[in-house]
**Q** 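Have a look at the structure that comes next, please.
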Amino acid sequence: MCIHHHESVDWHRTTTWQGFPSWDHGGMQIDVRTWGHFAYSIFPRDPAAATPREQLIVAYRIWRANGRRFGGGEWPVSSEVCGLY
C-alpha cells in the first residue's frame, strides 16, 4: 500500500500527477504493456479500468517475477521511499 500511496491515490488514473498522458495507469501506475503481460485474461485490458484488487494481484505477480522484490524497473523511486528495495 505504500507503493500505491506514492504512485497514485486514484485507482483509475491514466495521466501523470501533472495531468499529462501516461503509459502508467491505475493506482499502482503499472505500464499498460507490463499489465498486458502480467494481468489474467479475464482482467480489463487497462489497469485504470481494473478494480484495486485486480491491480494489487498484478502488482504481486510483477513483484514475484522481479525476484520477490520491488525496485529495478518497477516502482524504483517509490520502493526506495517505502524501504522496499
Side-chain angles (χ1 to χ4, degrees):
M1 292 309 293
C2 182
I3 298 276
H4 162 64
H5 175 74
H6 287 281
E7 290 294 330
S8 173
V9 294
D10 179 359
W11 286 103
H12 306 291
R13 179 180 290 275
T14 59
T15 62
T16 67
W17 64 275
Q18 299 163 318
F20 296 110
S22 175
W23 282 102
D24 299 327
H25 291 184
M28 297 296 288
Q29 291 291 279
I30 298 172
D31 184 292
V32 293
R33 297 161 293 197
T34 303
W35 178 268
H37 180 75
F38 286 99
Y40 292 113
S41 61
I42 60 171
F43 286 4
R45 297 182 82 180
D46 187 323
T51 66
R53 182 177 185 272
E54 291 167 336
Q55 292 181 45
L56 291 172
I57 289 169
V58 173
Y60 175 75
R61 296 185 77 197
I62 294 167
W63 172 79
R64 287 196 56 185
N66 197 36
R68 295 181 185 263
R69 66 180 183 84
F70 288 105
E74 298 298 331
W75 312 289
V77 176
S78 295
S79 62
E80 188 171 334
V81 170
C82 294
L84 303 170
Y85 48 91

**Q** Output every pair passing salt bridge (charged side-chain N to carboxylate O under 4.0 Å, His left out) with a member in residues 16-36, not counting sequence neighbours, ordered by first then second residue.
**A**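 Checked against salt bridge (charged side-chain N to carboxylate O under 4.0 Å, His left out) - neighbours excluded - the pairs reaching residues 16-36 are Asp31-Arg33.
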**Q** Does the side chain of Ser79 reach to within under 4.5 Å of the side chain of Ile3, using non-hydrogen atoms?
**A**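 Side chain of Ser79 against side chain of Ile3, heavy atoms only: contact under 4.5 Å found.
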**Q** Could you list the residues that satisfy ring pair (Phe, Tyr, Trp, His ring centres under 6.0 Å) with Phe20, not counting sequence neighbours?
**A**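 By the ring pair (Phe, Tyr, Trp, His ring centres under 6.0 Å) rule, Phe20 matches no residue at all.
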**Q** Side chain to side chain contact (heavy atoms under 4.5 Å, CB included) with Ile62: which residues, sequence neighbours excluded?
**A**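 Ile62: side chain to side chain contact (heavy atoms under 4.5 Å, CB included) contacts with Ile30, Thr34, Phe38, Val58, Glu74, Trp75.
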**Q** Quick check: closest heavy atoms across Gln29 and Thr15, and the distance to 0.1 Å?
**A**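 Minimum heavy-atom contact is OE1-O, 3.9 Å.
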**Q** In chain order, what residues pass the side chain to side chain contact (heavy atoms under 4.5 Å, CB included) check against Trp17, with sequence neighbours excluded?
**A**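 Expected list: none.
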**Q** When hydrophobic residues are tied together by side-chain contacts of less than 4.5 Å, even through go-betweens, does Trp63 share a cluster with Tyr40?
**A**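 Yes.
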**Q** Give every residue pair that meets the salt bridge (charged side-chain N to carboxylate O under 4.0 Å, His left out) criterion with at least one member in residues 6-20, sequence neighbours excluded.
**A**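 Found none.
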**Q** Quick one: side chain to side chain contact (heavy atoms under 4.5 Å, CB included) partners of His6, sequence neighbours excluded?
**A**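 Only Cys2, Ser78, Val81, Cys82 meet the side chain to side chain contact (heavy atoms under 4.5 Å, CB included) criterion with His6.
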**Q** Using side chain to side chain contact (heavy atoms under 4.5 Å, CB included) as the criterion, list what pairs up with Pro44, not counting sequence neighbours.
**A**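 By the side chain to side chain contact (heavy atoms under 4.5 Å, CB included) rule, Pro44 matches Ala49, Ala50, Glu54.
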**Q** Any link between Met28 and Trp23 through a network of hydrophobic side chains (Ile, Leu, Val, Met, Phe, Trp, Tyr) touching at under 4.5 Å?
**A**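 No.
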**Q** Please go through Val9's hydrophobic cluster and name the other residues, only I, L, V, M, F, W, Y counting, with side-chain heavy atoms under 4.5 Å joining them.
**A**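 Its cluster mates, by chain and number: none.
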**Q** To the nearest 0.5 angstrom, please state how far the CZ atom of Arg61 sits from the CG atom of Asn66.
**A**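 Reported value, rounded in 0.5 Å steps: 14.5 Å.
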**Q** When rounded to the nearest 0.5 angstrom, what is the spacing between CH2 in Trp11 and NE2 in His25?
**A**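 Reported to 0.5 Å precision, the distance equals 15.5 Å.
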**Q** Ignoring hydrogens and geometry, is there a side-chain-to-backbone donor-acceptor pair from Gln55 to Gly26 under 3.5 Å?
**A**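 Here the side-chain-to-backbone pair does not exist.
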**Q** Provide the closest heavy-atom pair for Met1 versus Leu56 in the form atom of the first, atom of the second, distance.
**A**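 Shortest heavy-atom separation between Met1 and Leu56 comes out as SD-CD1, 4.3 Å.
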**Q** Would you mind listing every salt bridge (charged side-chain N to carboxylate O under 4.0 Å, His left out) that reaches into residues 40-52, with sequence neighbours excluded?
**A**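 Applying salt bridge (charged side-chain N to carboxylate O under 4.0 Å, His left out) to every pair that reaches into residues 40-52, excluding sequence neighbours, yields nothing.
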